[in-house]
4 protein chains.
Amino acid sequence: VLPPDRLFAGLFARGAVAAETSDRAVLRAMVEIELALLRALVDTGLAPAQAADGLPAGDALADALDLGELGRSTAEKGTPVPGLIRALRERLGEHPAAAYLHRGATSQDVVDTAIMLVARRALQPLLEDLAAAGDRCAELAERHRATVQPGRTLLQQAAPVTFGLKAAVWLTGLDEARAELERIAEQELAVQFGGAVGTLAALGTSGLEVMAALAQELRLNAPALPWQAVRIRPARLACGLAIALGVMAKTARDVVLLAQTEVGEATEGGGAGRGGSSTMPHKRNPVGAVAILACAQRAPGLSATILSAMAPEHERGAGSWQSECEPLLELLRLAGSAAAALRELLGGLELHPQQMRANMELTDGLVMSESVVAVLAESMPRPRAQELVEQAAQRAAAARRSLRDTLLELAEVAQAVQPRRLDQALAPESYLGVSSELIDRALAAHRG
Amino acid sequence: VLPPDRLFAGLFARGAVAAETSDRAVLRAMVEIELALLRALVDTGLAPAQAADGLPAGDALADALDLGELGRSTAEKGTPVPGLIRALRERLGEHPAAAYLHRGATSQDVVDTAIMLVARRALQPLLEDLAAAGDRCAELAERHRATVQPGRTLLQQAAPVTFGLKAAVWLTGLDEARAELERIAEQELAVQFGGAVGTLAALGTSGLEVMAALAQELRLNAPALPWQAVRIRPARLACGLAIALGVMAKTARDVVLLAQTEVGEATEGGGAGRGGSSTMPHKRNPVGAVAILACAQRAPGLSATILSAMAPEHERGAGSWQSECEPLLELLRLAGSAAAALRELLGGLELHPQQMRANMELTDGLVMSESVVAVLAESMPRPRAQELVEQAAQRAAAARRSLRDTLLELAEVAQAVQPRRLDQALAPESYLGVSSELIDRALAAHRG
Amino acid sequence: VLPPDRLFAGLFARGAVAAETSDRAVLRAMVEIELALLRALVDTGLAPAQAADGLPAGDALADALDLGELGRSTAEKGTPVPGLIRALRERLGEHPAAAYLHRGATSQDVVDTAIMLVARRALQPLLEDLAAAGDRCAELAERHRATVQPGRTLLQQAAPVTFGLKAAVWLTGLDEARAELERIAEQELAVQFGGAVGTLAALGTSGLEVMAALAQELRLNAPALPWQAVRIRPARLACGLAIALGVMAKTARDVVLLAQTEVGEATEGGGAGRGGSSTMPHKRNPVGAVAILACAQRAPGLSATILSAMAPEHERGAGSWQSECEPLLELLRLAGSAAAALRELLGGLELHPQQMRANMELTDGLVMSESVVAVLAESMPRPRAQELVEQAAQRAAAARRSLRDTLLELAEVAQAVQPRRLDQALAPESYLGVSSELIDRALAAHRG
Amino acid sequence: VLPPDRLFAGLFARGAVAAETSDRAVLRAMVEIELALLRALVDTGLAPAQAADGLPAGDALADALDLGELGRSTAEKGTPVPGLIRALRERLGEHPAAAYLHRGATSQDVVDTAIMLVARRALQPLLEDLAAAGDRCAELAERHRATVQPGRTLLQQAAPVTFGLKAAVWLTGLDEARAELERIAEQELAVQFGGAVGTLAALGTSGLEVMAALAQELRLNAPALPWQAVRIRPARLACGLAIALGVMAKTARDVVLLAQTEVGEATEGGGAGRGGSSTMPHKRNPVGAVAILACAQRAPGLSATILSAMAPEHERGAGSWQSECEPLLELLRLAGSAAAALRELLGGLELHPQQMRANMELTDGLVMSESVVAVLAESMPRPRAQELVEQAAQRAAAARRSLRDTLLELAEVAQAVQPRRLDQALAPESYLGVSSELIDRALAAHRG
């Protein structure tokens, strides 16, 4: 269900989130809010029961409206709401609701609350996809608990890890980012309802009651105060989404690097044709990971925009809050697209443990040098052990010989350590530290 | 001609630029590029003349394609181009062009070049609107050359300026930003054409000839080298647009501030209803200026995104260039919308010179204190003059009396300066410095 | 206690936070971590008791090191840690600690943990200043509960509010931002300890014990997994700081606007000379608010930098985490400076209720139009009431007459409403809605 | 000559640029401006000759001032200039200059112009380093014109390139970024001189003459109008620096990727110990490239900050321009550090052509598939050729056999093409397209 009008939909508007964040979806949310307000007015006795009786269904009502016409009206009023009210009044005709429509609210109330509603809906598939991606990481962490591969720092082989640990690290990031988005979905999404200047004066002394009823109708939180001039909620949402995109990009980055022709430790799955190039028949590009990286690349700038709009003038800003809507929708869309892509990617990821092992052996022991130092240090001062290994490592690299043989040629080493003990030190399995415990921790946190 | 599907079109997708930057417009550009490439291949003898004969018109061809389908295909290939080629091949059927379509090119060639084409088209109305806005500033600068108003620093009245000078300052910003965008339109917009890895190997030794022919067909520059991995062009375009939005925001900011109820020196024009509030019948919001500010608020983040994509991996990046397209289109759209809004705003701006004068008198002379110091300093050391005026200013403010009278009560002042000379110093017209020359300079630069 | 070497210290490096975030403070934290690690090794039996006996005090040790020399060494190693270890080993000489120094850790462990330590210390004065600023807002909200001033939207007078409500809105923002920073200080600040590739292999099977002991030594959290490649903690810290700067800027923005010469509802306090201009003797610039705005302006970009570093390669990134340290320190410094400035500003803020009242009367009733509509709507359909008030408002504005008189000249109005009822509607006090309840809510939340 | 007080100096404050952008250097520039203004006043007859006679040397004067004291004063005045004037007056004592010091100028004039002066000085070593880095790229492009290596797109081997071409691509980026910075150094760096509100009223009718004289004294451009409220100059400088950092990061990114253990095509040079790890004796981290990437990572956010400060209020902004100084200095420092690091990196870069060749053979012909299609297409329709190669490629990959043998087993292929012709198609040298011409173009542009 990709949107019909976006050329890069498969990259940036993928999954259920695309429909939930369309401009049409925002319009539906606005209409829903106006209808909910009518019911809230009735509930609190500010409108007669008939004002909320027999109203058309919100979505149908919204879908009958001319989005383009509303869009045009924003040039004249600065928001789509006055145009929306006019259009709704026309449609309501003689219905008693017409007289009570929008009572007590102002344009920003409707726009802000609509974004909150849209966010709640868009977060749902996003959270599901993140959870499913996490589940898959958990499986990979468990299954590859002992699958050794080179750990790499600054893109240099450094010491062994397991692929299971790598998956556990991914899992931790995804789970923590998801937990925060869940918290946001539950606690930060709230109605904005303040009327002309945040006093709700048009509702006399009933403003807070109406706010509470409206929040209940929409299943959003009721805030302590209207927040039209305190933009913490949009900012937290933006940060939560950017952080989620960040950890997804971490996983995607690793996949792209593992999938390099020269590394060859992982390949994205997918049927024939996926990742193929129009000109190079042999290619199998990591398109899922690339899509995630492309989504994530856009997040810091978009969240900077939201963060820069936090100081509106007085009771309602002149330009700042207006600038938030589209970037927030974009962030939701990008995070949702990335989550859908990540779930798919992790679901089909093909791993190549043999190649991982082959890569471990690429340096003929150098990647185990820290381990060798530790063993030598059992029978000589550590600094001396370090020195000897450093020398041997340089010599081995220059001569393209194994670290083992080069070391054993050094009398001092040969005297200090048995070849068998050295071989143990050179076995990756002997030098995985607490990898397995860390995997357990990540799995426990995921399941808990 | 606003887009039919954007809820905030009047704010963020206004003017001709909106249509020029739609996803459909990008698709049209892509088709145009594929057709131009066919002609370039024919021109350089790499395809037979029939391959470019009797081809359908590009726009019609593009409009017959299913944008949604192409969008979906980007999930599988990472770009819309393979899907586009397939669709075009189907439509070409037995036409000899089918065999030569896309020859030598790769997906990024088409996407990058399409953005360049779109930019050229989108820049045209944008530049016209900027020029027209400048013309209007020039008129205002001329007409209000002597219209005094308070100059304000850190939002405090500081010393007199003229509204003409303020308009001249706006003009300078608009003209300089426009000059840079014109330079970009002429020099930076270039075809990207490198084939699989930037060697154009699929075209044998004719690659550069084809590139030149393609550039000529599309009336874009031919770069020295393909730039798929050197992203200076998108970065300069983004910076130029962000800077243009910055100077437009400067003008809009001043209008919003001048239009404050308590300042009242300017009002946005527009027929009845413009800027009206749904709930407050008296309001006349500066909606044009607000729209410009909202557009501009989004520019720094978007250009940061483009600037952060400048280090793609090797011969083609994995995620970075893919992330550029939509933000670049957005920047074009925002700058174009803001320029259209600014042209309209300046065309209808209502000024209130009487209120400007009244505001000049608000501090009963304090705003002229620097001028008074200068006059006193003719007959005493400047530091002493400064001291006396500072004292008098504090006393006058505290007692809500005029600076003039408070000063003349000081014997030292009364002795040093004639009341008439003091009155001259207190007249704003006497203290405008080189305002008029600066206006002349801005006008000369604009006309030159 | 401002830093001795920063030209703009009073703007950007103010308060206790400046010293806590200096490079020297980071170095002290690094040394402290190395010493704590020694103790943790002893605690877990990986080093003999003597290795942690009679060590020099951390700060003294750190202060004896040559910061410039360490800085230079980062060119060769990419981090200051190898240089630090060398320097510490030299100083330790024959002390048994020398052999155990840095055991199990890698450079990033020390740098990341140092930033966390620095953050904990820098957050303390920042949180105190934020709390004190909140207290002052609470006082203002209480004291000015009934002080009427114009509420302004899009910088146009819209309807009455009280200054107490404005202060309550500020309070809400400050309290919510502070709560999040407190949560971060308690829950997100954690040791980073992973060794070469995040497996802690150099410590055999004791890695997690050592991590726990290290965390306890440093009074930081012990994370489930090392986070050298999952950058959620720096990202959340950056976002929390940027949001805090955002809400502080909101308050500062309002102060700057209220302090405008033409508005005159507030002035920053401070002794003679504060906010004075070198050239304009009468000026009293809102320098505290300006400083806060300048700090906040820098936050979105800095947090974008942190958010863009979330996808490091494999087990340790090549460039991304290295880029985080200085921007994080800068964000701490800016937020701390702004909080110190805000506390001072709110402590001395001078308010001018008479001018607020005068501004309420500036439109001769127009600012009460929504209220008037409500009263008229008691005796006619609301749309008709709206229409009549709109007409009267335009006529009144054009003729510079009062809304009251203009309305009463309309027969339809005169018939519908008694002048006394109209006068009630025109009294700001009658149209404050739930302002007072909102103040109560903000105060309750602050105290609770 | 690294700064004595920055812990990460070798990463972020390297080269001559560090000293040129210190706060002390800004202070020196400020003092120089005040002295130059005295001379300009004398030149234009606004001050007697003695006012500029026998003045102390600027740098000595500046170095005698207490930077910390000035820094503290910015809390009270919002800028360091009033404090500076006071300190200078004290030092000047009875010198006639004291009475004319700062005449006609305002604080922002001094700060803005100081940043311009600092930029000019900081750009000099930066431009030299960039030019030298370019020279080295040119050498590499020439020397490795025929050194074949795999071209990689989306980090997958795609088709052959030469290392010479890669160096030429780097060269183009460096040269274009440098050209723009040179243009900026020549054309955009200008004095800011406007006095209290940009009218230069304090200088009567001589303001523009003084501005011209001041510009000449400082060897900066004289702008048409003061630009205190039109921030194009800082914005262009920021963009130029960010773009330069972007292209440097492109080169660094490639080096890091080429230096991967599994790729092994390049190594950073440097004496023993460089890039070594404290714990892993075998490591040789690409620390120069990492430093460049870390510098560049910070640029987009910093330039977003500058771009977001382009809409100051009226004649002088309240917070926006104040926020520019430190980020601009940081950008200069980062770009300068990166350029110094890049020059060094390219000067010592070790290349491994044998490993490049070995990597070309890693896919046993697959990387040549586009070339093979082209040859087959000589004797069959291209789509069929593409199909056959695609099939063979999949089969070859699955069976880990060579593309050559797999292809020749297909009757259709065997019939269409001679093995010798196929071998030619599989030779990387045969499929380099216009690589050599592109190198020539890059070299010509560099030399021209």
Side-chain angles (χ1 to χ4, degrees), chain B residues 99 151-155 158-159 161 165 168-169 172-173 176-177 196-197 199-202 205 207-208 224-225 229-232 235 239 242-243 246-247 249-250 253-254 257 296 299-301 303-304 307-308 310-311 313-316 318 370 374 382 431-435 437-438 441-442 445, chain D residues 99 151-155 158-159 161 165 169 172-173 176-177 196-197 199-202 205 207-208 224-225 229-232 235 239 242-243 246-247 249-250 253-254 257 296 299-301 303-304 307-308 310-311 313-316 318 370 374 381-382 431-435 437-438 441-442 445:
Chain B
R152 295 159 178 113
T153 59
L154 289 76
L155 285 170
V161 296
L165 178 58
V169 168
T172 307
E176 289 179 10
V197 289
T199 63
L200 288 166
T205 57
L208 291 175
L225 273 78
V230 177
R231 311 304 291 172
I232 290 184
C239 288
I243 288 175
V247 296
K250 158 63 186 160
R253 170 88 61 221
D254 283 356
L257 291 170
S303 18
L307 289 169
S308 73
M310 290 192 71
E313 297 90 352
H314 290 313
E315 279 58 66
R316 186 176 330 288
E370 194 189 64
R382 178 173 285 264
Y431 203 68
L432 293 170
V434 293
S435 296
E437 288 87 336
L438 293 173
R441 285 176 164 214
Chain D
R152 297 160 177 111
T153 60
L154 289 76
L155 285 171
V161 296
L165 177 58
V169 168
T172 307
E176 289 179 10
V197 290
T199 63
L200 289 166
T205 56
L208 291 174
L225 274 77
V230 177
R231 310 305 292 172
I232 291 184
C239 288
I243 288 175
V247 296
K250 158 63 185 163
R253 170 87 61 219
D254 284 355
L257 292 169
S303 18
L307 289 169
S308 73
M310 290 190 71
E313 297 90 351
H314 291 311
E315 278 59 66
R316 185 178 331 288
E370 193 190 65
R382 178 174 285 264
Y431 202 67
L432 293 169
V434 294
S435 296
E437 287 88 336
L438 293 173
R441 285 176 164 214

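For the numbers below, each heavy atom of this structure counts, side chains included, while hydrogens, waters and symmetry mates do not. Below, chains carry the letters A, B, ... as their sequence lines are ordered, and counting in each starts from 1.
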CG (D:Leu165) and CD (B:Glu315) are apart, to the nearest 0.5 Å, by 7.0 Å

Taking all non-hydrogen atoms of both residues into account, name the closest pair between B:Ala304 and D:Ala304 and its distance.
CB-CB, 4.1 Å

May I ask you to name which of B:Ala224, B:Gly173, B:Gly207, B:Ala249 has the most heavy-atom pairs under 4.5 Å with chain D?
B:Ala224

What is the distance from atom CG of B:Leu257 to atom CD of D:Glu313, rounded to the nearest 0.5 Å?
6.0 Å

For D:Arg152, is it the side chain, the backbone, both or neither that has a heavy atom under 4.5 Å from a heavy atom of chain B?
both

Of all heavy-atom pairs linking B:Ala242 and D:Leu307, the shortest is CB-CD1, 3.9 Å

Testing the basics here: between D:Arg441 and B:Leu225, what is the closest heavy-atom pair and its distance to 0.1 Å?
CB-CD1, 4.0 Å

I need the residue from B:Ala445, B:Ala296, B:Ser308 with the largest number of non-hydrogen atom pairs under 4.5 Å to chain D.
B:Ser308

Considering all heavy atoms of both residues, which atom of D:Ala99 and which atom of B:Arg382 are nearest to each other, and what is their separation?
O-CD, 4.5 Å

Please report the interatomic distance CG(D:Leu438) to OG1(B:Thr199), rounded to the nearest 0.5 Å.
8.0 Å

Residue from B:Ala201, B:Gly433, B:Ala318, B:Ala235 scoring the most non-hydrogen pairs under 4.5 Å with chain D is B:Ala201

Please report the interatomic distance CD(B:Glu437) to CG(D:Leu208), rounded to the nearest 0.5 Å.
6.0 Å

Region of D:Ala442 that comes under 4.5 Å of a non-hydrogen atom in chain B:
both

Please state whether the side chain, the backbone, both or neither of D:Ala374 comes within less than 4.5 Å of a heavy atom of chain B.
neither

As an exercise: rank D:Ser303, D:Ala299, D:Ala229 by heavy-atom pairs under 4.5 Å with chain B and give me the winner.
D:Ala229

Here the pair of heavy atoms bringing B:Val197 nearest to D:Ala158 is CG1-CB, 3.6 Å

Taking all non-hydrogen atoms of both residues into account, name the closest pair between D:Lys250 and B:Ala311 and its distance.
N-CB, 3.7 Å

Counting only non-hydrogen atoms closer than 4.5 Å, does B:Ala202 touch chain D with its backbone (N, CA, C, O), its side chain (CB onward), both, or neither?
both

Who among D:Ile243, D:Val230, D:Leu432, D:Val169 has the most heavy-atom pairs with chain B under 4.5 Å?
D:Ile243

Inter-residue atom distance D:Thr153.OG1 - B:His314.NE2, 0.5 Å rounding:
10.5 Å

Which residue out of B:Thr205, B:Leu200, B:Thr172, B:Val161 racks up the most heavy-atom pairs below 4.5 Å with chain D?
B:Val161

